[in-house]
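Structure first, commentary second.
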There are 2 protein chains.
Amino acid sequence: MKRPRSWSTCSGTTRRRTAPLLAASWRMWLCTCCSLPVFAAWICRQQYLPSWQRTTSVSGSKPWQVLGRRAVYASAWVGVEQWDVRLPDGSRIPDHHVVVYPVDAVGVVALGADGRVLLVDHYRFMTDSRSWELPAGHVDEGETVEQAARRELLEETGHNAATWQQLGSFYPANGSSTLKFHLWLARDLSAVNSNVDTNETLGLQWFSAADVRASLHRNAHHDGLTMAGLFWWLSLAGSAAQP
Amino acid sequence: MKRPRSWSTCSGTTRRRTAPLLAASWRMWLCTCCSLPVFAAWICRQQYLPSWQRTTSVSGSKPWQVLGRRAVYASAWVGVEQWDVRLPDGSRIPDHHVVVYPVDAVGVVALGADGRVLLVDHYRFMTDSRSWELPAGHVDEGETVEQAARRELLEETGHNAATWQQLGSFYPANGSSTLKFHLWLARDLSAVNSNVDTNETLGLQWFSAADVRASLHRNAHHDGLTMAGLFWWLSLAGSAAQP
């Protein structure tokens with residue numbers, strides 16, 4: 001009977017066949033031995049790095065696991081869902097409310113050539129509050145965040161900017177919603193027109209860094225996006241001024 | 001016919017009656033004349049004050065007027081309403097969505113005796129994000145904001161604080177919701193127990209001001225409440241350090 005090619009015995013033919021396999025196994029073993037210290041060093045480095053520099057994977061085994069989602073209210077602007085979640089201690093909440101936002105928003109820290117910031121006098125009917133805010137608004141469908149930032153700056157202040165820098169993004173209410181905000185820094189503003197959206201903009205004014213710091217400490221700005229953007233700008237400016 | 005007492009003529013009796021009234025009118029006129037310059041001075045001062053120091057009343061004639069509210073989803077945690085609003089240009093939106101939160105939340109910038117801040121390793125399933133956050137949570141029914149701050153600090157970190165200072169409050173998403181956040185600064189922490197809520201707290205760590213500033217600039221903190229609180233603390237510390 002002719003043996004199939006996959007059969008192997010200790011004959012000379014099979015020894016010739018297994019020799020390259022053994023050599024490959026040796027190379028794999030050596031490679032593993034050599035890489036172990038590198039891996040161990042990486043582990044040690046992770047321990048001593050500031051915690052936010054550590055490589056943290058939450059995708060593999062997330063501390064809170066989402067088992068299901070059910071919409072209880074839906075609209076083009078905002079929705080409410082109930083999520084079925086398993087907590088780290090193994091307990092389960094089958095109907096945790098989550099406010100779901102279909103679009104992000106962006107705010108602009110807009111600086112003139114003299115270093116002052118341009119703010120918008122804004123009244124918010126939902127909270128019945130009025131204060132000086134960053135130009136800001138939703139990212140429209142088909143727009144990038146930067147395009148939305150440029151559009152909002154123009155619509156609410158009538159200005160363009162020569163230089164744009166992304167500061168970062170954050171979740172303003174991550175204990176109850178999926179809403180995401182982005183912050184951009186725009187420099188060297190120039191006035192383009194005065195056709196600002198008068199529903200959004202009740203007034204415009206330039207403020208120095210010292211005035212803004214004082215007003216932030218007095219809690220004179222009432223919205224989180226403006227506070228985050230202005231504090232971030234002042235902090236960067238302060239760091240740059242340090243020797 | 002006997003006249004009622006309220007009738008008056010130019011008789012001697014009525015002159016005796018009107019004399020005190022005339023004197024009172026003179027006093028009122030004098031008082032008005034004297035107070036006018038004071039009022040004018042107040043008006044002038046308002047013009048030259050930084051805008052956020054001006055007394056702005058929005059209660060009399062609000063730029064956006066709420067004409068009605070209609071609930072479209074309600075729960076103990078969050079609701080959605082449609083508000084009928086008139087805009088500054090006179091146009092009307094009969095069904096503007098508003099996310100309504102029945103309770104506020106509070107975050108604590110918690111400092112040890114050495115000036116470092118204690119942060120909580122927190123995973124947020126709604127945004128699938130994990131970062132170092134302030135101890136924070138809802139203000140429960142019947143609690144003051146300060147009581148909630150003390151409770152959340154203890155529950156999430158196992159610490160009490162000797163000194164408490166209110167930083168301020170803000171609306172994290174005032175273009176879409178009524179949610180309100182409060183920030184408190186707690187100093188001189190002391191460990192009370194280690195029974196922290198392991199669902200909320202995945203880890204605890206102390207960070208220096210320099211480390212926090214660097215991580216904020218790198219956008220390593222993902223939630224707005226933490227960013228506002230940490231930036232506020234750093235800004236106050238920076239101002240205090242200046243000559």
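Worth knowing before you read on, the calculation uses all heavy atoms, side chains too, and leaves out hydrogens, waters and symmetry mates. Every value quoted in this text rests on a predicted model; they were computed, and no experiment measured them. First the proteins, then the strands, lettered A, B, ... as listed; each starts at 1.
Between B:Pro172 and A:Phe181 the shortest heavy-atom distance is O-CE1, 3.3 Å. Between B:Pro63 and A:Leu202, the shortest heavy-atom contact is CG-CD1, 3.7 Å.
Looking at B:Trp232, the atoms closer than 4.5 Å to chain A (heavy atoms on both sides) sit in the backbone and in the side chain alike. Residue B:Ser131 does not touch chain A at all, counting heavy-atom pairs closer than 4.5 Å. Proximity to chain A is limited to the side chain of B:Met227, based on heavy atoms less than 4.5 angstrom apart. With a threshold of 4.5 angstrom between heavy atoms, B:Val72 approaches chain A through its backbone and through its side chain. Contact annotation for B:Gln166: neither backbone nor side-chain heavy atoms come within less than 4.5 Å of a heavy atom of chain A. In this structure, the portion of B:Glu133 lying under 4.5 Å from any heavy atom of chain A is its side chain and not its backbone. Heavy atoms of B:His138 lying under 4.5 Å from chain A are absent altogether.
Counting non-hydrogen atoms of other residues, nucleotides and ligands closer than 6.0 Å to CH2 of B:Trp206 gives a total above 12. Shown here is A:Arg187, whose CZ atom has no more than 12 heavy atoms of other residues, nucleotides or ligands within 6.0 Å.
In this structure, A:Tyr101 and B:Ser177 have side chains that are in contact, with non-hydrogen atoms separated by less than 4.5 Å.
Considering only heavy-atom pairs separated by less than 4.5 Å from chain A, the leading option among B:Thr226, B:Val66, B:Val78, B:Leu236 is B:Leu236. The greatest number of non-hydrogen atom pairs below 4.5 Å with chain B, out of A:Trp77, A:Phe231, A:Phe170, is found for A:Phe231. The residue among A:Gly79, A:Ser169, A:Ala136, A:Ala173 with the most heavy atom pairs within less than 4.5 Å of chain B is A:Ser169. Per-residue heavy-atom pair counts under 4.5 Å with chain A were compared for B:His96, B:His217, B:His222, and the maximum is reached by B:His217. When each of B:Trp83, B:Tyr171, B:Tyr73 is checked for heavy-atom pairs under 4.5 Å with chain A, B:Tyr171 comes out on top. Your options are B:Ser176, B:Ala228, B:Gly175, and the one with the most heavy-atom pairs under 4.5 Å with chain A is B:Ser176.
The residue from A:Asn174, A:Leu87, A:Val85 that alone fulfils the side chain to side chain contact (heavy atoms under 4.5 Å, CB included) condition with B:Phe125 is A:Val85.
Judged by distance alone, with hydrogens and angles left aside, the side-chain atoms of A:Trp64 form a donor-acceptor pair with the main-chain N or O of B:Asn199 at under 3.5 Å.
With rounding to the nearest 0.5 Å, the separation of NZ in A:Lys180 from OG1 in B:Thr127 is 9.0 Å.
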